[in-house]
> 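Quick one: the structure is below, and I'll ask about it shortly.
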Amino acid sequence: LHRRATSAGADYVIGPLQKPSVDALAAEPSLAVPTLALNEGTRVGKPPANLFQFSLSPENEATEVANKASAAGYKRALVLYPQGDWGTRLSNAFATQWRKLGGILVSQSDYNAGYSSYDKTVAGLLAKGQADFVFLIATDDLARKIYPPIKAATPGALPVISTSHVYSGNFDSKQDQILDGLYFVDIPWMLGIGGDGPLSRRGLTSGSTYQSGPLARLYAMGIDAYRLTPRVADLAAHPGAFYPGQTGGLWVDPVGRVQRQLALGQFTGSGVQPAEGLGAKQEKKAAAAP
């Protein structure tokens, strides 16, 4: 299909979407035109010329949490993540980047997503030692159960940062008020950053059933894929070059993968708002167990 498209005169190719198909292109010695795959393949090593890979990787979000916490001056982290492959992958991605930035991983604990209460889980984690923040890996439903006991145990003292999985896209005033104060990283488009034009979240999804939920962020990915494809080879050829996209600040790493700098959001009592930053490192810390 790729050869047929380029033989017919295509200047660029967007896709494929499935990992096995990305791997099939990655096995080629080279590609005739710049190609932006909408996923990351599994093959290790440098890809063929003209193949670039763009995905909304959860691991990228975990890495961004580490970046933003380090930029805020935080040094000591606690991590709480769900049992299973997804939670392990995100906690490992965070830990790798956090240590690379010189941060200290005080402790990390997994939890069973089937529990009805997490008071003991939270107390056990906080007793592991002093920390500047907690990285909480959770879905929106789980965050509503786990964040309140963290907040109650360390009132005003310990920031909690999550990934976009805690925000469905719609703020439920009844359910989400208990998340007041919770930080999370997300794509700018979901937080309304960049105005209210026809391709903004508000403009594009007005009246759509996909304004929230797992499909919402794919609108922004489509916008960026269209705009990025003619630019991606030039970005790759100039390390440090940066494109301000709807899914984040975008650049291309040495192996052709599009990396993203995400925005920071925060739950308030009345809704979700973009956050300028995490603020200075807290002086008051979670107390260590005797």
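This chain uses plain numbering: 1 for the first residue, then up along the sequence. In what follows, every heavy atom counts, from backbone to side chain, and hydrogens, waters and symmetry copies are set aside.
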> Is it true that a side-chain atom of Lys145 and a backbone atom of Ala113 form a donor plus acceptor pair closer than 3.5 Å?
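Checking the backbone N and O of Ala113 against the side chain of Lys145, no donor-acceptor pair under 3.5 Å is found.
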> Do side-chain atoms of Ser162 reach the backbone of Leu136 as a donor and acceptor pair under 3.5 angstrom?
yes
> May I ask whether Tyr183 and Tyr81 are part of the same hydrophobic cluster, defined by side-chain heavy atoms of I, L, V, M, F, W, Y residues being less than 4.5 angstrom apart, directly or through others?
yes
> For the side chain of Ser173 and the backbone of Phe171, is there at least one donor-acceptor N/O pair under 3.5 Å apart?
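Flag not set: sc Ser173 to bb Phe171 has no pair under 3.5 Å.
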> On the 0 to 90° scale, with breaks at 30° and 60°, tag the Tyr111-Tyr118 ring pair as parallel, tilted or perpendicular.
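Tyr111 and Tyr118: perpendicular rings.
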> Do side-chain atoms of Asp172 reach the backbone of Asp176 as a donor and acceptor pair under 3.5 angstrom?
no
> Is there a path from Met221 to Leu51 through hydrophobic residues (I, L, V, M, F, W, Y) whose side chains come within less than 4.5 Å of each other?
no
> Any side-chain to backbone donor/acceptor pair from Asp224 onto Gln246? Under 3.5 Å, distance only.
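Yes, because the side chain of Asp224 sits within donor-acceptor range (under 3.5 Å) of the backbone of Gln246.
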> Is there a donor-acceptor contact under 3.5 Å from the side chain of Asp132 to the main chain of Tyr74?
no
> Taking a hydrophobic cluster as the set of Ile, Leu, Val, Met, Phe, Trp and Tyr residues connected by side-chain heavy atoms closer than 4.5 Å, whether directly or through intermediates, do Trp86 and Phe184 fall within one such cluster?
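Yes, Trp86 connects to Phe184 through the hydrophobic network.
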> Do you reckon Met190 sits in the same ILVMFWY cluster as Leu199, going by side-chain contacts under 4.5 Å, direct or chained?
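The answer is yes; both residues are in one hydrophobic cluster.
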> Between the main-chain N or O of Ala66 and the side-chain N or O of Ser70, is there a donor-acceptor pair closer than 3.5 Å?
no
> Between Asn92, Asn60, Thr63, Asn67, which is the residue that forms a side-chain hydrogen bond (donor to acceptor under 3.5 Å, both in side chains) with Gln97?
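Of all the options given, the one that passes is Asn67.
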> Going by an N to O cut-off under 4.0 Å, is there a salt bridge joining Arg260 and Glu64?
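No, this pair does not count.
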> Could you label the plane-to-plane angle of the Phe94 and Phe135 rings as parallel, tilted or perpendicular, counting under 30° as parallel and over 60° as perpendicular?
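Tilted, since the angle between the ring planes falls between 30° and 60°.
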> Do the side chains of Ile187 and Ser164 get nearer than 4.5 Å, heavy atoms only?
no
> Are more than 12 heavy atoms from other residues, nucleotides or ligands located less than 6.0 Å from atom CZ of Phe242?
yes
